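Hydrogens, waters and symmetry mates are skipped; everything else that's a heavy atom, side chains included, is used. In this text the structure is predicted, and so the values were computed from the model without any measurement. As the structure lists them, so they are numbered: ligands from 1, and atoms in each ligand from 1.
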Amino acid sequence: MARVIVVGAGVIGLSCAVRLLERGHRVDVLARELPLETTSAVAAALWYPYRAYPQDKVTGWAEAGYRELSRLAAVEGTGVRMVPGTELLPSPAPDPWWAAAVPDLARVGSPPAPYADGWSFTAPVVEMPAYLRWLVRRVRELDGTLTRLPLPQLPRGAEVVVDASGMGARLLAADQSVTPVRGQVLYVEQVGLDRWWLDGAGLTYVVPRSTDIVVGGTDEEGVWDRTPDPDTAARILARATALVPALQGARVLRHKVGLRPARPAVRLEVERLGDRRVVHCYGHGGAGVTLSWGCAAEVADLV
Ligand SMILES: Cc1cc2nc3c(=O)[nH]c(=O)nc-3n(C[C@H](O)[C@H](O)[C@H](O)COP(=O)(O)OP(=O)(O)OC[C@H]3O[C@@H](n4cnc5c(N)ncnc54)[C@H](O)[C@@H]3O)c2cc1C
């Protein structure tokens, strides 16, 4: 069994750490931001393969993610629930490319105006603060460690390093193909909503959680600004209320911004650096939660 250092304590790093520990490796996680400070903590987080490539691999990872998150929905304290919902589209469309990953995808019979098509399915919804805490507990109960440490380069001192640094790969892997896609969301009080809604064309989404509702969003290419913009928030809420009229008058609780680590393709491969092997696993764009378990299994196989 190997000594492995995992760099990154977002959903990717922690999921990889859990799988590696389960296979008997000794694992230490090092991260500049602790789990609740990461981009992962901002995710909505609906199972949905959004802005992650290539499609063939993403479908497989997403399928694995669907299976594992469905299983975790039955485990106490994970923060995962199975929630039915609907995606609406402005014009007729063929089945989505990821349809094979979802067991109960069904066309919407009569989409409400102005929509012309849509599909409903049950998806895992992951309440990220609770889920990230659960992942950390899981790492610790399997005798892994988590330490805050900003790294100027990939660490030495282990046979294997897993690079799950998200946007940090620009520095740690000298990979300028990782670029931010800014996402702004707001949280409103729970108004009794028990379905998620998505307007695929305009990136408007409404995701109910146990005590609040995540309302989004934006996808701003190459924008690094992490300060929520009030005008953007007002526009998001107006779009979301048009999609889900039950949001009318709901109290706004807070605002957040996260930078999705986008890349033309997820990087999941081994690189030899002197006497170390580095397993890179970053660039999950808007689907890190969705793909986490599929990618973690592949990382564990490569290690
Ligand atoms: C608004 C929004 C909504 C989203 N909604 C969804 C959704 O509904 N479903 C879904 O699947 N995905 C969603 N996503 C995407 C998802 O959040 C990301 O794909 C995912 O969080 C990426 O996880 P990660 O672990 O790779 O990166 P991160 O969570 O960013 O973690 C990276 C880790 O690496 C560490 N690190 C980086 N550089 C260094 C360094 N030099 N030294 C030490 N540590 C370092 C960081 O500190 C951090 O711990 C959403 C994202 C946003 C912004």
Side-chain angles (χ1 to χ4, degrees), residues 5-17 29-52 58 61-62 65-66 69 80 83 85 98 123-128 131-132 135-136 146-155 161-175 178 180-187 196 198 203 205-207 209 214-220 223 226 228 232 236 255-263 266-268 280-296 299:
I5 295 179
V6 174
V7 178
V11 70
I12 299 298
L14 294 176
S15 309
C16 290
V29 182
L30 305 178
R32 188 182 54 212
E33 279 100 18
L34 293 180
L36 296 183
E37 305 157 357
T38 61
T39 300
S40 299
V42 182
L46 178 69
W47 178 97
Y48 193 98
Y50 175 64
R51 287 197 81 127
V58 164
W61 293 326
Y66 192 101
L69 291 170
V80 184
V83 181
W98 41 261
V125 167
V126 184
E127 304 207 7
M128 289 310 287
Y131 184 61
L132 290 167
L135 284 171
V136 172
L146 167 61
T147 306
R148 185 194 291 278
L149 192 64
L151 294 163
Q153 60 195 20
L154 289 172
V161 173
V162 173
D163 170 16
S165 59
M167 285 303 308
R170 283 175 69 91
L171 170 72
L172 295 180
D175 187 345
V178 188
V181 176
R182 181 182 185 275
Q184 180 166 334
V185 292
L186 51 125
Y187 301 79
W196 53 265
L198 186 58
L203 191 62
Y205 50 89
V206 176
V207 180
R209 309 198 298 184
V214 188
V215 178
T218 63
D219 58 349
E220 300 155 77
V223 178
R226 290 179 58 179
T232 304
I236 293 171
H255 302 264
K256 273 197 180 174
V257 170
L259 305 180
R260 301 178 185 90
R263 195 172 183 272
V266 172
R267 185 173 187 200
L268 207 174
H280 295 285
C281 186
Y282 61 81
H284 298 82
V289 182
T290 305
L291 309 182
S292 52
W293 289 115
C295 290
V299 165

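For atom 22 (C) of ligand 1, the closest non-hydrogen atom of the protein is Pro261 CG, 3.9 Å. Ranking the protein heavy atoms by distance from atom 13 (C) of ligand 1 puts Gly286 O, 3.3 Å first. Of all protein heavy atoms, the one lying nearest to atom 46 (C) of ligand 1 is Glu33 OE1, 3.1 Å. In terms of protein heavy-atom proximity, atom 21 (O) of ligand 1 is closest to Ser40 OG, 2.8 Å. Protein heavy atom closest to atom 44 (N) of ligand 1, with residue, atom name and distance, is Arg32 N, 2.9 Å. If you check which protein heavy atom lies closest to atom 51 (C) of ligand 1, you get Arg260 CG, 3.6 Å. Among protein heavy atoms, atom 27 (O) of ligand 1 sits closest to Gly166 CA, 4.0 Å. Closest to atom 42 (N) of ligand 1, if we only count protein heavy atoms, is Leu151 N, 2.9 Å.
Taken from CG in Asp175 to CG in Asp163, the straight-line distance is 9.0 Å, to the nearest 0.5 Å. For the atom pair SG of Cys295 and CZ of Arg267, the computed distance is 14.0 Å after rounding to the nearest 0.5 Å.
Of all the heavy atoms in Ser165 and Leu172, the pair that sits closest is CB-CD1, 3.8 Å. What you find for Ala123 and Leu46 is that their closest heavy atoms are CB-CD1, 3.9 Å. Across every non-hydrogen atom of Pro155 and Ile5, the tightest pair is CG-CG2, 3.8 Å. The heavy-atom pair separating Ala287 from Pro49 by the smallest distance is CB-CA, 4.1 Å. Considering all non-hydrogen atoms of both residues, Arg260 and Leu203 come closest at NH2-CD2, 4.1 Å. The two residues Leu146 and Ala9 make their nearest non-hydrogen contact at CD1-CB, 3.8 Å.
Residue contact check: Ala44 has heavy atoms under 4.0 Å from atoms 3 (C), 4 (C), 5 (N), 6 (C), 8 (O) of ligand 1. Annotation for ligand 1: atoms under 4.0 Å from non-hydrogen atoms of Gly258 are 53 (C). Near Thr38, with a cut-off below 4.0 Å to any heavy atom, the atoms of ligand 1 are 29 (O), 48 (C), 49 (O). Within ligand 1, counting atoms from 1 as listed, the ones closer than 4.0 Å to a heavy atom of Gly168 are 37 (C), 38 (N). With ligand atoms numbered from 1 in the order given, ligand 1 contributes 1 (C), 3 (C) to contacts under 4.0 Å with heavy atoms of Tyr205. Those atoms of ligand 1 that come under 4.0 Å of a heavy atom in Thr290, given as number and element, are 9 (N), 10 (C), 11 (O). Numbered from 1 in the order shown, with element, the atoms of ligand 1 that lie under 4.0 Å from a heavy atom of Ser165 read 32 (C), 34 (O), 37 (C). Below 4.0 Å from some heavy atom of Gly8 lie the following atoms of ligand 1, by number and element: 33 (C), 34 (O), 35 (C), 49 (O).
Here the shortest heavy-atom distance to atom 9 (N) of ligand 1, taken over Val126, Leu46, Val42, Val289, belongs to Leu46. One option in Ala169, Gly285, Ala287, Ala9 has a heavy atom closer to atom 18 (C) of ligand 1 than any other, and that option is Gly285.
Proximity of Leu149 to ligand 1, defined as any heavy-atom pair under 4.0 Å, is confined to the backbone N, CA, C and O atoms. Under 4.0 angstrom from ligand 1, the non-hydrogen atoms of Val185 all belong to its side chain. Counting heavy atoms under 4.0 Å from ligand 1, residue Tyr282 does not touch it at all. Contact annotation: for Ala52 versus ligand 1, there are no heavy atoms closer than 4.0 Å.
A salt bridge links Glu37 to Arg148: one of the charged nitrogens lies within less than 4.0 Å of a carboxylate oxygen.
The closest approach between Ala45 and ligand 1 falls below 4.0 Å for a heavy atom of the residue.
Counting non-hydrogen atoms of neighbouring residues, nucleotides and ligands closer than 6.0 angstrom, the CZ atom of Arg226 reaches no more than 12 such neighbours.
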* To do: Before giving the answer on ring-ring contact (aromatic ring centres under 6.0 Å, His included), spell out for Trp293 and Tyr66 the whole-Å C-alpha distance, their side-chain angles and the decisive distance to 0.1 Å.
  => CA-CA 9 Å; Trp293 289 115; Tyr66 192 101; over 10 Å; no
* Would Arg51 and Asp219 satisfy salt bridge (Lys or Arg N to Asp or Glu O under 4.0 Å), going step by step from the backbone distance to the final call? -> CA-CA 10 Å; Arg51 287 197 81 127; Asp219 58 349; 3.4 Å; yes
* Asked: How far apart are the C-alpha atoms of Tyr282 and His280, what are their side-chain angles, what is the distance that settles it, and do they pass the ring-ring contact (aromatic ring centres under 6.0 Å, His included) test?
  -> CA-CA 6 Å; Tyr282 61 81; His280 295 285; 5.8 Å; yes
* Apply the test side chain to side chain contact (heavy atoms under 4.5 Å, CB included) to residues Leu151 and Arg32: give CA-CA distance (whole Å), side-chain angles for both, the deciding distance (0.1 Å), then the verdict. => CA-CA 7 Å; Leu151 294 163; Arg32 188 182 54 212; over 6 Å; no
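Polar contact with ligand 1: present for Ile12 (N/O pair, distance under 3.5 Å).
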